[in-house]
Participant: 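The structure's right below; bear with me while I get my questions together.
This is a predicted model, so every value here is computed, not measured. A note on names: the letters A, B, ... follow the listed sequences, proteins ahead of strands, and every chain is numbered from 1.
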Amino acid sequence: MPIKMSANHLSFFYGDFEALSDITLDFEQNQVTALIGPSGCGKSTFLRCLNRMNDLIPGTRVEGEITLDGQPVYGSRVDVVNLRRMVGMVFQKPNPFPKTIFENIAYGLRINGVKDKSLIANKVEESLKQAALWEEVKDRLSASALGLSGGQQQRLCIARALAVEPEVLLMDEPASALDPIATQKIEELIHLLKASYTIIIVTHNMQQAARVSDTTAFFYIGKLIETGETDVIFTRPEKKQTEDYITGRFG
Amino acid sequence: MPIKMSANHLSFFYGDFEALSDITLDFEQNQVTALIGPSGCGKSTFLRCLNRMNDLIPGTRVEGEITLDGQPVYGSRVDVVNLRRMVGMVFQKPNPFPKTIFENIAYGLRINGVKDKSLIANKVEESLKQAALWEEVKDRLSASALGLSGGQQQRLCIARALAVEPEVLLMDEPASALDPIATQKIEELIHLLKASYTIIIVTHNMQQAARVSDTTAFFYIGKLIETGETDVIFTRPEKKQTEDYITGRFG
Amino acid sequence: MTYPAFRKERNMTSAGRRSLKEKIIKSIFLGIALASITTLGLITVFLFLEGLPVLQYVSVKELITGTLWYPTREPPLFGILPLIVASGCVTLLSAIFSVPLGIMTAIYIAEIAGPRTAEIVKPTVEILASLPSVVIGLFGLVVVAPLLQRMFGIPVGVNLFNASLMLGFMAVPTICSISEDAIRSVPGSLREASLALGATHLETIIKIVLPAGASGIATAVILGMSRAIGETMVVLMVAGGAAMIPESLFDPVRPMPASIAAEMAEAPFRGSHYHALFAIGAVLFFFTLVFNLTADYLSSRYKRKQLSG
Amino acid sequence: GQLVIKGSTTVLPYAQKAAEAYMKARPDVAVSLSGGGSGNGIKAIVDGTTDIANASRFIKDSEVQMAMNKKRYPVPFRVALDCIVPVVHKDNSVKDLSMDDLKNIYTGKAKNWKEFGGPDLGIVVVSRDTSSGTYEVWEELVLRKEMVTPRALTVASNGAMVQTVAGTKGAIGYIGMGYLNDAIKQLTVNSVLGTEETTRSGQYAISRPLFMFTNGWPTGVPLDFINFIFSPTGQKLAREVGNVPVFNPGN
Amino acid sequence: MNTIHQKPAGLQKRRLLEGLFFWLFRGAAVVNGLALFVVGYFVISNGAEAISWEFLTQPPTDSMTKGGIFPCILGTFYLAAGAICFALPIGVASAVYMNEYAAKGRVLRIIRFGINNLAGVPSIVFGLFGLAFFCIVLGLGVSLLAGILTLGVLTLPVIIGATEEALKAVPDDYRKASLALGATQWQTIYRVVLPAAIPEILTGAILGLSRAAGETAPIMFTAAVFFTPVLPSSLFDEVMALPYHIYVLATAGTDIALTRPLQYGTALVLIVLVCGMNLFAIITRSKMRKKLKG
Ligand SMILES: Nc1ncnc2c1ncn2[C@@H]1O[C@H](COP(=O)(O)OP(=O)(O)OP(=O)(O)O)[C@@H](O)[C@H]1O
Ligand SMILES: Nc1ncnc2c1ncn2[C@@H]1O[C@H](COP(=O)(O)OP(=O)(O)OP(=O)(O)O)[C@@H](O)[C@H]1O
Ligand SMILES: [Mg+2]
Ligand SMILES: [Mg+2]
Ligand SMILES: O=P([O-])([O-])[O-]
């Protein structure tokens, strides 16, 4: 598989605090990569570097390089707005807008200047189908998104992200706020989506990482300790720390 | 050992929601009883029934009986102020008053009308010694209590509770906000205190329950599933649910 | 399906125009924000611009310490000390009513009342705050003044006491609502700690809650007094209007805002009287600024304490 | 047509009454009326922002100079007289005060009514705001350049004066003659009762003329209005608002 | 050893003291209600008689001793509505800048400091400022427009405060979600943040409106006149206004006792207007807060 995104010697600082140091990691196209590691090790920080959401936090600094399709994401001519359209993101807590279900999905199109009503309607339907939510909501597209259950809300957020046709999808613990059944739906969805997207997912749940990902990267206190095929990492990790973490000895 | 406190067919309601149903449980004098169970099972609610802290929450209701030395705690002639002085409480998050270390301990005495300075000073010293904090703070009694570390603050809270000479000491996850070393100190302290007090402790940590308690009671969704000597509960529980919980199969 | 509408700009760069537009929007907003604080600057500038010329007629010392306010005599006498003292007196005296009342009401709402009762008391206080000051003035003039005359056997009912009483009630809502916030922001864990030690609710309130909320409550008191010192209609209508230093509670007085309001309409434009009234405005502004600065300082300290505590 | 009138608040009640009657007689003319004081009225004539300026005093030299510079020629019309009478509470037994007595009272030298053969009662001096036209007359004619006592209550209008004096046993005040009513008692001054006749004849000491100024000799609507003012109907209106007509218009 | 049934010696006294103080606190709350009731009763019982269709729709006559207060109602409406039209866009824009754009730092601190102090400036000082700046420097004279601008400046901090609260209440999640979808900051503000905040901003605006309608001192020298028989037809006309009318009738009328009913009637109209708007805002706000929580 070709490499879709990659980080080269990436370091990240909150003020003086080095939250990530010297991370080098590739993400293959149409693959699911799981980022695991104990709380505070920098998984979220790393994920947010990929679509430059960290830019919003004042006093932060990036060293090293991230590329998307070989082009530097932190290049001076890069427009973050464009970048974020290409690198979508789903958050830990479902965060639908306080709008209708339809408008939640249509939002991304509207901000892209799409005005054609039928085009929008088609795309909304397509995205909801992709997110396996269409059947559940097709009769109440004009109801408030806030009335959906947690799991539905999260799938709505995924549909919303898909509607702008990103190429990479970042997910930061997308199922941690959900019950087991909703979690399972999301995991199934990730399986379906990887045919069309490159997916990078942060998770605290080892089983989930093992179930959904092709590649796993283990972070520890801001460092990338080990990365490789998920099977290998979970059965024959090279590093002691990885093994300790996976077997639940800490974290 | 004589029975110090006991609950008889105790049920507790938050509005219509029955958080505890029909709990019958005795606490022996000079023993440590641990309450365990998954999150939301009603441990804290039960604990707070014992010193009527739940009275503060509007819309709640108690059925059944709790006795202290055989006398009903919810009796009409009981003054909760008096009750709470006899049944002390330590909370999950250390909550020292924003006063000096000395004043934190002296508080309970002052509100009880003690004016004699040397008496107060003696009692402050004694309580701090009982709480194994004296050596660490004796030189800065007039410094703010907020400047202490988390573990020290928690021991301060224990000392504060001891200063009013309660007979029963309730502790709701007293070590969950603390690091391992501070936790160990608190556990040692509990060992020392049980010579003079009847102690009831809520904990999420199985190891801790096993280490500090004589008796363990297992709660599950508002019901008392099983209670007995700690050794027995942790090695040969009678109920399947208890075993599942203790071995980490849920919760 | 593909959507040429946005598939075509599939690269990360470009979009110079959009970012230009964003920049322009942001600077417009900055401009407006600056404009709205510029008004504060303008207020200061104009008060001084129109107030300073009075120094052609009196020295600063005479202005501030002079006890005779005869602005229309020939030559005029511009001593505003009686006005300053009057403002100080009504403010302090009103605080004697409003501070205990406001804080006690706040305690009632935040600590004692059940949620239902609080939901009635709070709007009551807020509505009290919204009563137009001219209506309160009317009330003081028509109802309270004759009442005071009869009750205390005093010659006139419009006086220092009446004005303070009315101002006191006007300051209560300010003091109450800010104190209530301060009391509510005291962590519940402190309350529980105290109650669990066998303290009564009252002891908990007085020894734990109030000290912990002290700087917030102090802010409330100061803002309440700031409201009282700047209030115009009440002192215009019920203070009596005598420009003298009061010797008793029932002396008529003429606080600064009353003087400005009563005289400005007929002060010849840019004459000495006009400038003198602006100078009073500047003094009044200075007083409220000091109050507000103090409140600002206290509340920022209180926020910091909360963050760290 | 349109007619703008500005200036003295002393003249305002008369001007308003006249304007109302005038508009009834000439429905095609809209009169706009506002106060602001004599000085502001004359300034408006000088600036050309009004057709008629009311003034409770004659134009000053400095104002004439300003008008000349702007090539305007204010023309005065003596439209009524303002007779100011001292009043006391209706129960007060004092009937007459000399000009010197009044001066002593208003400067604060005399403090008790018994000094003037009245009851043993403190005198409450009520005065007008120092910028009022009525006060100016009082200051000039009664106080003769001495200062009114700072203890004096100040009220904003004749009406308020009546209210205050009527409600205060020891009060003395002064009002335009037309405001006299049963609630208060008029005093004679130097044994002369202030009436229309004694004022017009100059026997009564405390009075002054009221003016309307036009810009140049009036033509058109302003002329018509001034003529209306000097008609018997117009002069009767002066009497109604408490001023003294410049001639006896009959009943 | 004591038991829970024997109260220790001091406790009886402590409980007594507690009861006593709690009654005091209750009493304090009651005093507020009483004050509101007394003032309300005074105005309503006296004012109700004066209210009639004629009173609300006719101009004053007979030197303002008879007739109605229509010009005052209209004037107050124009003044308050105009002030909000002026203050709302500026206030919202300022708050948006402070809350959404400005980086935490000195500029923001200075702006916020300025706004806080603006909120504490006495209304009479706004009147002086309006006189010196709007009436004289800008040459507007005593006019509706000068009053609108003066009241606008006065309500600005109210609007800014309310808007800031409203914006703060919008969860950051919405902003992040929008930005992560590739929305620009302005799109995020315009399409997500403001719509979510608009109900609370509007209640803030109503509070501002009622404040503007009830103020007397700022319009005394800038807009209001004693009496004008014509209704304002342009922004440069002088106007009558309810609060000023009350003041004038109560302290400077030709016959104060005679016009008492008019004073009460006007006060009643003003109170209904101002407190009504306030009550409406308070109720909708508390409903909204509950909905957010629930
Ligand atoms: N905005 C911030 N400012 C300063 N430090 C931060 C900030 N966000 C995160 N950090 C710090 O950076 C480190 C990495 O945080 P990050 O959120 O990336 O961890 P994580 O691996 O996602 O943890 P978790 O599993 O708990 O979400 C932590 O030490 C955290 O305290
Ligand atoms: N103030 C309250 N109002 C309504 N319901 C409550 C309240 N406090 C607790 N509950 C509910 O009562 C049940 C028991 O809560 P409780 O806090 O006693 O559980 P717990 O066993 O202490 O849990 P944890 O281990 O998480 O502290 C839970 O379902 C909880 O949601
Ligand atoms: Mg994270
Ligand atoms: Mg608990
Ligand atoms: O308004 P006056 O100039 O007559 O006082």
Participant: Can you give me the closest heavy-atom contact between B:Phe97 and C:Leu190, atom names plus distance?
Facilitator: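 It is CE2-O, 3.5 Å.
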Participant: Restricting to non-hydrogen atoms, name the atom on C:Lys207 and the atom on B:Lys99 that form the minimum distance, rounded to 0.1 Å.
Facilitator: O-NZ, 3.0 Å
Participant: Non-hydrogen atoms of chain C under 4.5 Å away: do they reach the side chain of B:Leu170, the backbone, both or neither?
Facilitator: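 Contact with chain C: none, neither part.
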Participant: Can you list everything that forms a salt bridge (charged side-chain N to carboxylate O under 4.0 Å, His left out) with B:Lys93? Sequence neighbours excluded, please.
Facilitator: none
Participant: Can you establish whether the number of heavy atoms outside C:Phe152 located under 6.0 Å from its atom CZ is more than 12?
Facilitator: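 Buried by this count: over 12 neighbours within 6.0 Å.
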Participant: In terms of heavy-atom contacts, does CG of B:Asp16 have more than 12 from other residues, nucleotides or ligands at under 6.0 Å?
Facilitator: no
Participant: Give, for atom CG of C:Leu195 and atom CG of B:Asp55, the distance between the pair rounded to the nearest 0.5 Å.
Facilitator: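 These two atoms lie 10.0 Å from each other.
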Participant: In Å, rounded to the nearest 0.5 Å, how long is the span from OG of C:Ser189 to CD of B:Gln92?
Facilitator: 11.5 Å
Participant: If you look at every heavy atom in C:Ala193 and B:Phe91, which pair is closest and at what distance?
Facilitator: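 In terms of heavy atoms, the two residues are closest at CA-CE1, 3.9 Å.
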Participant: Using a strict threshold of under 4.0 Å (side-chain N to carboxylate O), is an ion pair present between B:Arg84 and C:Glu192?
Facilitator: no
Participant: Tell me whether the count of non-hydrogen atoms from other residues, nucleotides or ligands lying under 6.0 Å of CZ in C:Phe48 goes above 12.
Facilitator: no
Participant: So which part of B:Arg52 gets closer than 4.5 Å to some heavy atom of chain C, the side chain, the backbone, both or neither?
Facilitator: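 Neither part.
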Participant: For C:Ala199 and B:Val81, which heavy atoms make the closest approach, and how far apart are they?
Facilitator: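 Smallest interatomic distance, heavy atoms only, reads O-CG2, 4.0 Å.
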Participant: Please look at B:Pro96 and chain C and tell me whether the side chain, the backbone, both or neither of the residue comes under 4.5 angstrom of a heavy atom of that chain.
Facilitator: backbone
Participant: Of all the heavy-atom pairs spanning C:Leu197 and B:Ala161, show the shortest one and how long it is.
Facilitator: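 It is CD2-CA, 3.7 Å.
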Participant: Is it the backbone or the side chain of B:Val87 that comes under 4.5 Å from a heavy atom of chain C, or both, or neither?
Facilitator: backbone
Participant: When rounded to the nearest 0.5 angstrom, what is the spacing between CG in B:Asn82 and OG1 in C:Thr200?
Facilitator: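 Answer rounded to 0.5 Å: 12.5 Å.
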